[in-house]
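The structure under discussion appears below in the form of structure tokens.
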Amino acid sequence: MSGSQLWDDVDFYFSSHLSPEDDVLQAALRDSEAAGLPHISVTAPQGKFLQMLAEIQGARNILEIGTLAGYSTIWLARALPEDGRLVSLEYSAKHAEVATRNIARAGLDRIVEVRVGPALESLPKLADENPAPFDLVFIDADKANNSHYVEWALRLSRTGSLIVVDNVVRGGRVTDADSTEADIVGTRAALELIAAHPRLTGTALQTVGSKGYDGFALARVLS
């Protein structure tokens with residue numbers, strides 16, 4: 001059995017026992033595929049992991065940078081209380097349209113807001129609204145701007161907030177200090193920012209699964 005097939009099988013085993021997808025989540029993936037969106041959503045175990053992080057955190061306010069079809073948005077929003085809030089930023093109007101339908105089908109449109117446009121334009125506007133600090137920030141957008149997203153997450157959060165940066169391993173390419181590829185440069189800059197910033201502590205973990213070899217970084221705001 002190939003390594004990738006084994007990873008798929010283990011993911012399926014974990015999903016079927018610990019994070020089974022209900023009709024709403026399955027429909028979100030079907031609609032994403034039907035609309036021709038890229039197959040880059042988190043897996044079910046990863047979605048459940050995000051949901052549990054938000055629950056452990058006692059999150060009331062969540063910021064997501066990168067909505068895609070709203071699959072991870074649904075997992076995260078389900079961790080929120082009735083009066084919670086999730087703001088998700090999506091560059092593509094097409095993606096946002098699919099996500100908005102999926103979120104409404106999940107019955108979460110009352111607490112989830114999808115904002116369309118480049119995140120680095122949406123984030124200053126969001127800051128101008130002086131929102132309540134975000135308890136958890138999930139960053140899963142264009143990797144070239146990862147360090148900028150971490151900086152904004154820090155600005156919009158509070159002491160004790162969590163920042164999750166997805167896809168930081170890049171198939172192992174993250175170790176290439178000489179790379180000029182935007183995703184590697186941006187990812188390395190984000191990791192180095194987390195390592196050096198006096199208000200952050202963090203770690204990163206490698207993962208394998210249905211989406212291949214990758215990983216995520218987790219940072220906590222210290223002050």
Side-chain angles (χ1 to χ4, degrees), residues 40-43 45-68 72-73 75-76 79 86-91 118-124 126-127 131-209 211-223:
I40 55 174
S41 296
V42 300
T43 63
Q46 291 167 345
K48 182 66 174 292
F49 175 77
L50 290 171
Q51 183 185 71
M52 292 183 68
L53 275 183
E55 290 169 343
I56 293 167
Q57 182 73 349
R60 303 184 66 85
N61 296 288
I62 295 174
L63 174 62
E64 179 181 51
I65 304 176
T67 317
L68 196 60
S72 57
T73 317
W75 280 108
L76 284 165
L86 190 155
V87 177
S88 190
L89 309 181
E90 173 53 48
Y91 176 83
L120 291 180
E121 295 179 10
S122 299
L123 286 162
L126 178 60
F134 292 100
D135 307 301
L136 186 148
V137 181
F138 179 48
I139 299 171
D140 190 13
D142 59 304
K143 311 311 174 187
N145 286 308
N146 269 347
S147 64
H148 300 303
Y149 297 148
V150 171
E151 289 172 344
W152 274 106
L154 187 56
R155 177 174 174 178
L156 291 165
S157 57
R158 58 166 176 81
T159 300
S161 291
L162 294 180
I163 302 170
V164 183
V165 186
D166 202 10
N167 306 127
V168 299
V169 173
R170 316 303 296 162
R173 292 183 296 122
V174 71
T175 61
D176 185 359
D178 297 322
S179 176
T180 59
E181 295 178 78
D183 63 330
I184 302 303
V185 173
T187 297
R188 287 176 62 91
L191 294 170
E192 290 162 12
L193 174 63
I194 292 170
H197 203 290
R199 293 184 57 208
L200 292 173
T201 184
T203 189
L205 296 177
Q206 302 177 74
T207 61
V208 296
K211 298 299 171 66
Y213 171 41
D214 215 318
F216 65 91
L218 177 65
R220 184 170 184 265
V221 180
L222 296 175
S223 63

**Prompt:** Which heavy-atom pair separates Ser179 from Ile184 by the least distance, and what is that distance?
**Reply:** OG-CB, 3.6 Å
**Item:** side chain to side chain donor-acceptor pair (under 3.5 Å) against Gln57, all qualifying residues, sequence neighbours excluded
**Value:** none
**Item:** Partner residues of Tyr91 under the ring-ring contact (aromatic ring centres under 6.0 Å, His included) criterion, sequence neighbours left out
**Value:** none
**Asked** Leu156 and Pro131: which non-hydrogen atoms are nearest, and at how many Å?
**Response** CD2-CG, 4.3 Å
**Request:** Find out whether Leu191 and Val165 are in side-chain contact, i.e. whether some heavy atom of one side chain is under 4.5 Å from a heavy atom of the other.
**Result:** no
**Prompt:** Which residues pass the side chain to side chain donor-acceptor pair (under 3.5 Å) test with Arg220, sequence neighbours left out?
**Reply:** none
**Prompt:** Heavy-atom distance under 4.5 Å between the side chains of Leu200 and Val150, does that happen here?
**Reply:** yes
**Request:** Under the salt bridge (charged side-chain N to carboxylate O under 4.0 Å, His left out) rule, collect the residues that match up with Arg170, sequence neighbours excluded.
**Result:** Asp183
**Message:** Can you list everything that forms a salt bridge (charged side-chain N to carboxylate O under 4.0 Å, His left out) with Asp135? Sequence neighbours excluded, please.
**Reply:** Arg158
**Message:** Between Thr207 and Phe49, is there a side-chain heavy-atom distance shorter than 4.5 Å?
**Reply:** no
**Asked** In Å and rounded to the nearest 0.5 Å, what is the CZ to CZ distance from Phe216 to Phe138?
**Response** 10.0 Å
**Request:** Mind checking side chain to side chain donor-acceptor pair (under 3.5 Å) for Ser88 and listing every partner two or more places apart, or none if nothing turns up?
**Result:** Glu64, Thr67
**Asked** Please, which pairs that meet salt bridge (Lys or Arg N to Asp or Glu O under 4.0 Å) have at least one residue in residues 49-59, sequence neighbours excluded?
**Response** none
**Message:** Tell me every residue that passes salt bridge (charged side-chain N to carboxylate O under 4.0 Å, His left out) with Glu151, counting only those two or more places apart in sequence or in another chain.
**Reply:** none
**Request:** Taking all heavy atoms of Leu222 and all of Pro198, pick out the closest pair and write down the distance.
**Result:** CD1-O, 4.0 Å
**Request:** Using the test side chain to side chain contact (heavy atoms under 4.5 Å, CB included), find all partners of Val185 that sit at least two apart in sequence or belong to another chain.
**Result:** none
**Request:** For Asp140, check side chain to side chain donor-acceptor pair (under 3.5 Å) against everything at least two apart and list the hits.
**Result:** Lys143
**Test side chain to side chain contact (heavy atoms under 4.5 Å, CB included) applied to Ala141 - qualifying residues, sequence neighbours left out** = Ile65, Tyr149
**Request:** Specify the closest pair of heavy atoms between Val168 and Ala204, including all atoms of both residues, with the distance to one decimal.
**Result:** CG2-CB, 4.5 Å
**Message:** For Asn167 versus Thr187, what's the shortest heavy-atom pair and its separation?
**Reply:** O-OG1, 4.3 Å
**Prompt:** With respect to Leu136, which candidate in Leu50, Ile56, Ile62 satisfies the side-chain contact (heavy atoms from CB on, under 4.5 Å) definition?
**Reply:** Ile62
**Message:** Let me confirm one number: the OG-CH2 distance from Ser122 to Trp152, rounded to the nearest 0.5 Å.
**Reply:** 10.5 Å
**Message:** I need the Arg155 CZ to Leu123 CG distance, nearest 0.5 Å.
**Reply:** 9.5 Å
**Asked** Are any non-hydrogen side-chain atoms of Asn61 and Leu63 less than 4.5 angstrom apart?
**Response** no
**Prompt:** Which atom names give the shortest non-hydrogen contact between Gly186 and Asn146, and what distance separates them?
**Reply:** O-CB, 3.6 Å
**Prompt:** Between Gln206 and Gly215, is there a donor-acceptor pair closer than 3.5 Å when you use the side chain of the first and the backbone of the second?
**Reply:** no
**Prompt:** Yes or no on side-chain contact (heavy atoms from CB on, under 4.5 Å) for Ile139 and Asp166, after CA distance, side-chain angles and deciding distance?
**Reply:** CA-CA 6 Å; Ile139 299 171; Asp166 202 10; over 6 Å; no
**Asked** Under 3.5 Å, side chain of Arg199 to main-chain N/O of Val221, donor-acceptor pair present?
**Response** no
**Fill in**
Across all chains, not counting sequence neighbours, the salt bridge (charged side-chain N to carboxylate O under 4.0 Å, His left out) partners of Glu192 are Arg188
**Request:** Report yes or no: does Gln46 contribute a side-chain atom to a donor-acceptor pair with the main-chain N or O of Thr43 at less than 3.5 Å?
**Result:** yes
